[in-house]
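What follows is a single structure, written as structure tokens, with notes after it.
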Amino acid sequence: MKVSVVTLFPELFTEFLEASILGRARREGRIEVELVQLRDYATDRHRSCDDQPYGGGPGMVLSPEPLARALDALDARNRWTVYLTPSGRLLDQRLVEECVERHSLVLIAGRYEGIDQRIVDLYVDDEVSIGDYVLSGGEVPAMVLIEAMSRLVSGVIRDESLQEESFVAGMVEYPHYTRPEEFAGMRVPDVLLSGHHAQIGRWRRAQSIAKTRQMRPELLDGIVDATEGDTER
Ligand code: ADE
């Protein structure tokens, strides 16, 4: 898959793109990430990309002209174009899957108060937020989306791991333990040492449900009732 990112801060992405699973996926050619410096599309002496908002108010707005030139150079009208903004739809695993199915994406990382609405009207297919808090720009949200998408690209993660993740989809994960068997006076739960896969599976599912009930009760509406008959709250 190919992802192009329009940003004023491409340098924020460089180490992120090299490291770990995503770095390997890029080196293997499974995912290509192109960084586009918005300033390269400014035409004035100061290479300015922002201006004051019409109607007054605090902050600056990213100007339409440089952004439109950058997006035209990326053929954004013929690709799935996502604007990262706190006003967007909340990102979840389902939305990540939808993005991966597009194969070719353009991400716009906004800064300041945001981008001119006419760019949204002309180029943007979806507006996505990574959570109900305000960051200084869309770069970290773009990285979040890229990393989540890269895991779903074929060959990046073992199928078994993805199946394990989808097994607990919609719930938070069960607790994990590794060696040693005893640490700070606390032992690894016996069931995990038993080698009994069915029991381990049941224990993990029960732990997932208990932890979800504690941390994210709203996620349980529907799923547990349907699969387990486990309705008590
Ligand atoms: N830009 C600033 N904050 C953001 C958020 N929470 N999600 C997406 N883009 C953003």
Side-chain angles (χ1 to χ4, degrees), residues 1-17 19 22 31 33-42 47-71 74 76-77 79-153 169-170 172 215-216 218-219:
M1 89 175 293
K2 175 162 180 180
V3 184
S4 305
V5 188
V6 182
T7 169
L8 285 170
F9 299 96
E11 67 274 16
L12 288 178
F13 290 80
T14 42
E15 297 213 0
F16 162 75
L17 291 173
L22 176 57
I31 178 163
V33 182
E34 174 187 26
L35 300 172
V36 176
Q37 169 55 269
L38 177 56
R39 246 178 243 298
D40 291 346
Y41 292 88
R47 303 215 299 160
S48 54
C49 293
D50 60 338
D51 210 335
Q52 292 164 345
Y54 275 117
M60 300 290 271
V61 176
L62 285 181
S63 308
E65 299 99 324
L67 208 38
R69 281 190 288 269
L71 292 169
L74 293 171
R77 284 191 209 236
R79 301 169 66 192
W80 192 253
T81 299
V82 175
Y83 170 39
L84 284 313
T85 164
S87 318
R89 296 204 280 159
L90 262 194
L91 184 65
D92 61 11
Q93 193 66 18
R94 198 185 43 76
L95 187 43
V96 174
E97 284 163 15
E98 276 178 31
C99 288
V100 171
E101 281 163 19
R102 305 285 174 186
H103 297 294
S104 176
L105 283 96
V106 176
L107 306 184
I108 304 171
R111 279 269 151 179
Y112 318 118
E113 296 308 307
I115 68 178
D116 190 286
Q117 180 60 34
R118 290 163 293 185
I119 294 294
V120 178
D121 297 342
L122 276 173
Y123 292 91
V124 171
D125 298 300
D126 205 358
E127 298 174 65
V128 171
S129 164
I130 62 161
D132 291 335
Y133 38 81
V134 180
L135 303 167
S136 302
E139 283 77 10
V140 169
M143 289 186 231
V144 167
L145 179 55
I146 290 168
E147 180 158 321
M149 287 193 296
S150 73
R151 300 173 58 76
L152 299 182
V153 172
V172 305
M215 308 300 277
R216 302 286 308 278
E218 77 283 4
L219 293 181

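Atom set for the values below is all heavy atoms of this structure, side chains included, hydrogens, waters and symmetry mates excluded. We count ligands from 1, going down the list as the structure has it; atoms in each ligand are counted the same way. Model, not experiment: these values are computed from the prediction.
- Looking from atom 3 (N) of ligand 1 to the surrounding protein, the closest heavy atom is L135 N, 3.0 Å.
- Near V128, meaning under 4.0 Å from any of its heavy atoms, are these atoms of ligand 1: 8 (C).
- Between the CG atom of L67 and the OH atom of Y83 there is a distance of 9.0 Å, given to the nearest 0.5 Å.
- Nearest protein heavy-atom contact of atom 6 (N) of ligand 1 is Y133 O, 2.8 Å.
- Atom 9 (N) of ligand 1 has T85 N, 3.1 Å as its closest protein atom, hydrogens excluded (heavy atom only).
- Scanning the protein heavy atoms around atom 10 (C) of ligand 1, the nearest turns out to be P86 CD, 3.4 Å.
- For ligand 1, the polar-atom distance check against G131 finds a nitrogen or oxygen pair separated by under 3.5 Å.
- Side-chain contact check for T7 and E139: at least one donor-acceptor pair (N or O, by modelled atom type) lies under 3.5 Å.
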The test is salt bridge (charged side-chain N to carboxylate O under 4.0 Å, His left out); show your working for R94 and E98 and say whether it passes. CA-CA 6 Å; R94 198 185 43 76; E98 276 178 31; 2.7 Å; yes
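- Listed for the S150 side chain is no donor-acceptor partner under 3.5 Å among the backbone atoms of L22.
- Close approach of ligand 1 to G137 is summarised as follows: ligand atoms under 4.0 Å from at least one heavy atom of the residue are 1 (N), 2 (C).
- How far CD of E34 is from CG of L107: 11.0 Å, rounded to the nearest 0.5 Å.
- Put simply, NZ on K2 and CG on L74 are 7.5 Å apart, with the number rounded to the nearest 0.5 Å.
- At least one N or O atom of I130 sits closer than 3.5 Å to an N or O atom of ligand 1.
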